[in-house]
Amino acid sequence: MPRRALITGVTGQDGSYLAELLLQKGYEVHGTTRSTGSEAARRLCSIVAERGGNVRLHETSLQNDDEVARLLEDVRPDEIYHLAAQSHVGRSFELPQATLDANAGVTLRLLEAVRKQQREIRIFHAASSEMFGRPTESPQSERTPFVPRNPYATSKVCAFHLVANYREAHGLYACSGILFNHESPRRPERFVTRKITLAAARIAAGLQQTLTLGNLDVGRDWGFAGDYVDAMWRMLQQNEPTDLVIATGRWHTLEQFLERAFQRVNLDWRDHVRQDPALMRPAEPGRLVGDASLARKRLGWEATTSFEELVDRMVDADVE
């Protein structure tokens, strides 16, 4: 019998790469979606079908206790990868209550449903580097205190501690990967990295003249989503569940991202990018860069895609 995995939020960027990885490893893959008829669901099915695979989609509201319980009874997964979230930081300022419900509330419902199953189900929870906020040290490791600076980060801190609580109080195999920013050509267009690469492609093709952004002084530790889902899988193969930082350990500014993206299409970003104060966040995090040395030691994992290769791959996909 193949191992059975359930991916919440399977139609998102990480979910699609993870589904591909698990299918390659011989898993039977199930995933949740709000609508099996959505464009994202159709895109996922197309991606895996091109590689000869199939993901069984379940139209489920993860904010409904009964539906979550039925889902686990129907699927009976060996592993759960909990990726579903309201993950847009800017939107979390507009919808703080909904963000808390979607991130912390859903995580709690899932943990409680697993506890009631009374059989071992291994759970991975996608936590975020945004939890560090304005960090007290750099780079950030598993020992760095959380100082969240936005509603999204706050909701993720709550979910992180819920996972730890169920691990310690109820003996669940539950762990969180503290994921630093990871991108790909599948990143939704509302995220700034994809907004940049798509604009560079459109401007080069004469379909757009300018790109408007907020603060350009920010930076991130940017990796490739395909590398990060491999770390997720490795975390659930360990004898004991452990929370781990997943990062490249390299920090780049948004200006460097812009420069590389526009350089790929032989343009100077300064000729096309405008700033709008209205797009700046009320509170920006500090210098977020991860120390993934424990992941290297425990999992044998490290990021294999360079910053330059990541940006080039995203621009090339948008040009195409």
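Remark: the backbone N or O of Phe224 is not paired with any side-chain donor or acceptor of Glu183 at under 3.5 angstrom. Side-chain N or O atoms of Lys156 include one that pairs as donor or acceptor with a backbone N or O of Ala126 at under 3.5 Å. Listed for the Thr253 side chain is a donor-acceptor partner under 3.5 Å among the backbone atoms of Gln256. In this structure, the side chain of Glu28 does not engage the main chain of His30 through any donor-acceptor pair within 3.5 Å. Under the 3.5 Å distance criterion, the side-chain polar atoms of Arg167 are matched with a main-chain donor or acceptor of Ala174. In this structure, the side chain of Thr212 does not engage the main chain of Gln275 through any donor-acceptor pair within 3.5 Å. The backbone N or O of Ala84 lies less than 3.5 Å from a partner atom in the side chain of Thr8, making a donor-acceptor pair. Under a 3.5 Å cut-off, the side chain of Glu120 and the backbone N or O of Tyr173 do not form any donor-acceptor pair. Side-chain atoms of Arg149 do not come within 3.5 Å of backbone N or O of Arg134 as any donor-acceptor pair. Using a distance-only test at 3.5 Å, with no hydrogens or angles considered, no donor-acceptor pair links the side chain of Ser46 to the main chain of Arg42.
With Asp221 as reference, Val289 is the one residue of Val289, Val245, Asp291 to meet the side-chain contact (heavy atoms from CB on, under 4.5 Å) rule.
Between Asp230 and Arg234 a salt bridge is recorded (basic side-chain N to carboxylate O distance below 4.0 Å). Between Arg143 and Glu137 there is no salt bridge, since none of the side-chain N atoms of the basic residue sits less than 4.0 Å from a carboxylate O of the acidic one. Between Arg202 and Asp318 no salt bridge is recorded (no basic side-chain N to carboxylate O distance below 4.0 Å). Salt-bridge annotation for Glu20 and Arg186: present, with a side-chain N of the basic residue lying under 4.0 Å from a carboxylate O of the acidic one. Salt-bridge annotation for Glu112 and Arg115: present, with a side-chain N of the basic residue lying under 4.0 Å from a carboxylate O of the acidic one. Looking at Arg220 and Glu130, a side-chain N of the basic residue comes within less than 4.0 Å of a carboxylate O on the acidic one, giving a salt bridge.
Atom CD of Gln237 has more than 12 neighbouring heavy atoms from other residues, nucleotides or ligands inside a 6.0 Å radius. Heavy atoms of other residues, nucleotides or ligands lying less than 6.0 angstrom from CZ of Arg296 number more than 12. Heavy atoms from other residues, nucleotides or ligands lying under 6.0 Å from CD of Gln209 number 12 at most.
Side-chain contact check for Glu67 and Ser61: no donor-acceptor pair (N or O, by modelled atom type) lies under 3.5 Å. Donor-acceptor pairing under 3.5 Å is recorded for the side chains of Thr242 and Arg298.
Between Asp101 and Gln63 there is a side-chain heavy-atom pair separated by less than 4.5 Å. The closest side-chain heavy-atom distance from Ile123 to Val163 is not below 4.5 Å.
Cation-pi check for Arg260 over Phe307 is not met; the charged atom does not lie both under 6.0 angstrom from the ring centroid and within 45 degrees of its normal.
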Evaluation steps, side-chain contact (heavy atoms from CB on, under 4.5 Å), between His82 and Thr107: CA-CA 8 Å; His82 179 37; Thr107 301; 3.1 Å; yes
Test log, rule side-chain contact (heavy atoms from CB on, under 4.5 Å), inputs Trp251 and Phe180: CA-CA 11 Å; Trp251 191 81; Phe180 279 67; over 6 Å; no
Derivation and outcome, side-chain contact (heavy atoms from CB on, under 4.5 Å), residues Tyr27 and Leu21: CA-CA 9 Å; Tyr27 281 70; Leu21 176 72; over 6 Å; no
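The two residues Val265 and Val315 have their closest heavy-atom pair at CG1-CG1, 3.9 Å. When every heavy atom of Asp14 is checked against every heavy atom of Met232, the shortest pair comes out as OD2-CE, 3.6 Å.
Classified by interplanar angle (parallel below 30°, tilted 30° to 60°, perpendicular above 60°), the ring pair Trp301/Tyr228 is perpendicular.
To the nearest 0.5 Å, the span separating CH2 on Trp233 from CD on Glu79 amounts to 8.5 Å. Taking CG of Leu288 as the reference point, atom OG of Ser129 lies at 5.0 Å (rounded to 0.5 Å). A distance of 8.5 Å separates CD in Glu142 from CG in Asp243, rounded to the nearest 0.5 Å. A distance of 9.0 Å separates CZ of Arg109 from CG of Leu62, quoted to the nearest 0.5 Å.
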